[in-house]
Amino acid sequence: MKFPERVFSGMQPTGSLHLGNYLGAMVQWIEMQKTHECIYCVVDLHAITVWQDPAELSDAIRRVTAAYIAAGLDPKRSILFNQSQVSAHAELAWIFNCVARLGWLNRMTQFKEKAGKDRENASVGLYAYPNLMAADILAYRGTHVPVGEDQKQHLELARDIAQKFNNDFRKEIVAAGHDDGIFFPQPEPIIEGPAARIMSLRDGTRKMSKSDPSDLSRINLSDDADAIAKKVQKAKTDPEPLPSEEAGLEPRPEADNLVGIYAALAGNTKAQVLCEYGGQQFSTFKKALAELAVTRLAPIGAEIDRLMADPATIDAILADGSARARAIAEPVMREVKEIVGFIHS
Ligand code: TYM
């Protein structure tokens, strides 16, 4: 079956969003809403796989929603909502818990990283997290998923789950009127551009992340102009001038990262950036990068603050998005229940 193209993606409301989230995913989201039906979720069910203070969680959900809008997502054109308001996510995740195999989840590197040495003490939700992610996408029969590179393995799992569901229930799927026996599409990861993996500003071998204890390691979308400029100035570099060819970035993770950030912010390739700055010292390049970053990001931070002053409007946007999301997911869930053999009214 040819599925209509539908984009789904999401971000966790934990901590504040950063440059990696913005360049790795959101810039693609904004582009794709021009051409596709898009559903963008604030994944609060995912957030609680590690402890979240309830008083802070509601605020974080609103803040991520505000960041979506401030960055350029249009809540009229795209569906913006928070995951827990649409029960299909949790329902389908349970069914997928029974489709996915332990062996598949045991291979997930993100669980190993997040659980660390204290694996026995990790929540069951953290372990089953990729099944919920598959449910997020497939509850809408999503076909395209713009994400950063760190989500690649989770998306491969989502594809495996879709395939196994289609195989396990092939007879019932055909009986339900899908002649080709295919109920779920194989969602395609969209991992693109020079910013699919933005690294820490303090260590070019580690991913930029919300959980890094050093605030200097990341540029937050909520940072003001001074903070952005200071973090760029303090970013770790090496003593050599920038190379003129991309191959010269290969053994230089910090240089590679900063050139990638510049390229993504300017909408260029790394090669184009090196054409302009090859042979120059970091002092010159960082100045240009700080200026570009402030121009692109500071207005987003200011807009987030403005939107956060009116939580009722944000809640209304989430309520509207949730209703529209439910209208798509509920008929899918009805069919899933029928296919699995549940009785429902
Ligand atoms: P999360 O909240 O960790 O990150 C949100 C998005 O930002 C991307 N990203 C990065 N990209 C480049 N460089 C970085 N340093 C960087 N850090 C984060 C992530 O790849 C992601 O695209 N499990 C997901 C959320 C999720 C989801 C989904 C995504 C839940 N259900 C369904 C797609 C489809 C997560 O924790 O992303």
Side-chain angles (χ1 to χ4, degrees), residues 9-30 40-44 46-47 50 52 56-57 59-73 80 110 113-114 146-152 154 191-236 253-254 256-267 286 289-305 307-308:
S9 200
M11 295 203 184
Q12 294 198 56
T14 49
S16 98
L17 295 186
H18 56 69
L19 189 63
N21 301 128
Y22 178 64
L23 294 178
M26 230 191 271
V27 169
Q28 274 67 251
W29 296 12
I30 294 161
Y40 296 126
C41 186
V42 181
V43 294
D44 47 12
H46 278 92
V50 297
Q52 303 297 326
E56 285 168 24
L57 183 58
D59 192 63
I61 294 167
R62 292 192 186 105
R63 191 164 277 281
V64 170
T65 310
Y68 283 5
I69 299 166
L73 295 179
L80 308 187
Q110 197 150 312
E113 277 163 28
K114 286 199 175 167
V147 284
E149 204 185 72
D150 59 348
Q151 297 301 318
K152 191 164 177 227
H154 290 157
I191 302 172
E192 271 173 11
R197 191 172 177 81
I198 299 283
M199 310 309 279
S200 154
L201 299 179
R202 305 303 293 164
D203 176 354
T205 63
R206 293 211 334 257
K207 194 180 71 172
M208 184 177 285
S209 140
K210 293 170 190 166
S211 53
D212 194 314
S214 165
D215 195 52
L216 284 176
S217 71
R218 65 184 159 262
I219 294 175
N220 301 304
L221 286 188
S222 52
D223 284 344
D224 62 17
D226 286 349
I228 296 169
K230 184 177 113 195
K231 287 175 178 179
V232 172
Q233 290 308 336
K234 285 191 178 274
K236 188 176 167 202
E254 281 84 17
D256 190 21
N257 191 36
L258 294 183
V259 170
I261 291 173
Y262 190 104
L265 285 171
K286 275 183 167 179
L289 177 57
E291 233 166 75
L292 177 61
V294 167
T295 310
R296 280 291 301 272
L297 303 175
I300 298 178
E303 182 64 5
I304 293 175
D305 287 344
L307 292 164
M308 283 301 282

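By convention here, the first residue in the shown sequence is residue 1. Keep in mind it's a predicted model, so treat the numbers as computed, not measured.
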Inset, instruction - First locate atom CD of Glu291, then atom OH of Tyr262, and finally report the distance between them rounded to the nearest 0.5 Å. - result: 8.5 Å

Legend entry - Polar side-chain atom of Glu149 near backbone of Ala196 as donor-acceptor pair, under 3.5 Å: no

Inset, instruction - Classify the ring geometry between Trp29 and Tyr40 as parallel (under 30°), tilted (30 to 60°) or perpendicular (over 60°). - result: parallel

Inset, instruction - Take atom NZ of Lys210 as the centre, draw a 6.0 Å sphere, and report whether it contains more than 12 heavy atoms from other residues, nucleotides or ligands. - result: yes

Legend entry - Beyond-backbone contact of Leu289 with Leu265, side-chain heavy atoms, under 4.5 angstrom: yes

Inset, instruction - State, to 0.1 Å, how close Asp59 and Met308 come at their nearest heavy-atom pair, and which atoms those are. - result: OD1-CE, 3.4 Å

Legend entry - Any side-chain heavy-atom pair of Val147 and His154 under 4.5 Å: no

Inset, instruction - Nearest 0.5 Å please: distance from the OG atom of Ser222 over to the CD1 atom of Ile300. - result: 11.0 Å

Legend entry - For Ser214 against Arg202, the heavy-atom pair lying closest together: OG-CG, 4.0 Å

Inset, instruction - For Ala229 and Ala290, work out which heavy atoms get closest and say how close. - result: CA-CB, 4.2 Å

Inset, instruction - Would you mind checking if Arg218 and Asp223 are paired as a salt bridge, meaning a charged N to carboxylate O distance below 4.0 Å? - result: no

Legend entry - Minimal non-hydrogen separation, Val232 against Lys286, with atom names: O-CE, 3.3 Å

Inset, instruction - Name all residues meeting the ring-ring contact (aromatic ring centres under 6.0 Å, His included) criterion together with Tyr22; count only those two or more places apart in sequence or in a different chain, and write none if there are none. - result: none

Legend entry - Any donor-acceptor N/O pair, Lys207 side chain to Gly20 backbone, under 3.5 Å: no

Inset, instruction - Starting at NZ of Lys230, measure out to CD1 of Ile219 and round the result to the nearest 0.5 Å. - result: 12.0 Å

Inset, instruction - With rounding to the nearest 0.5 Å, note down the distance linking OG in Ser9 to CD in Gln151. - result: 8.0 Å

Legend entry - Separation between CE of Met11 and NE2 of His46, rounded to the nearest 0.5 Å: 13.5 Å

Inset, instruction - Would you please say whether a donor-acceptor pair under 3.5 Å links the side chains of Asp203 and Thr205? - result: yes

Legend entry - With Asn21 via side-chain hydrogen bond (donor to acceptor under 3.5 Å, both in side chains) - residues at least two apart: His18

Legend entry - Minimum side-chain heavy-atom gap Met208-Asp212 below 4.5 Å: no

Legend entry - Nearest non-hydrogen partners of Ile228 and Ala298, listed with the distance: CD1-N, 3.9 Å

Legend entry - Worked verdict on Ile261 versus Leu201 for side-chain contact (heavy atoms from CB on, under 4.5 Å): CA-CA 10 Å; Ile261 291 173; Leu201 299 179; 4.1 Å; yes

Inset, instruction - For residues Ile30 and Leu73, determine if any side-chain heavy atom of one lies less than 4.5 Å from a side-chain heavy atom of the other. - result: yes

Inset, instruction - Check for a donor-acceptor pair, side chain of Ser200 on one end and backbone N or O of Arg206 on the other, with a separation under 3.5 Å. - result: no

Inset, instruction - Examine distances only and state if a side-chain atom of Asn257 and a backbone atom of Met199 form a donor-acceptor pair shorter than 3.5 Å. - result: yes

Inset, instruction - Please report the closest heavy-atom contact between Ala227 and Asp224, naming both atoms and the distance. - result: N-OD1, 3.0 Å

Legend entry - Spacing of Ile198 atom CD1 and Leu23 atom CG [to the nearest 0.5 Å]: 5.0 Å

Inset, instruction - Please confirm whether the backbone N or O of Leu57 pairs with a side-chain atom of Gln52, one donor and one acceptor, at under 3.5 Å? - result: no

Inset, instruction - May I ask you to check whether over 12 heavy atoms, not counting those of Gln233, lie within 6.0 Å of atom CD? - result: yes

Legend entry - Close side-chain approach of Arg63 and Asp305, heavy atoms under 4.5 Å: yes

Legend entry - Heavy-atom donor-acceptor pair, Arg62 side chain to Leu307 backbone, under 3.5 Å: no

Legend entry - Heavy-atom side-chain proximity of Asp215 to Lys231 below 4.5 angstrom: yes

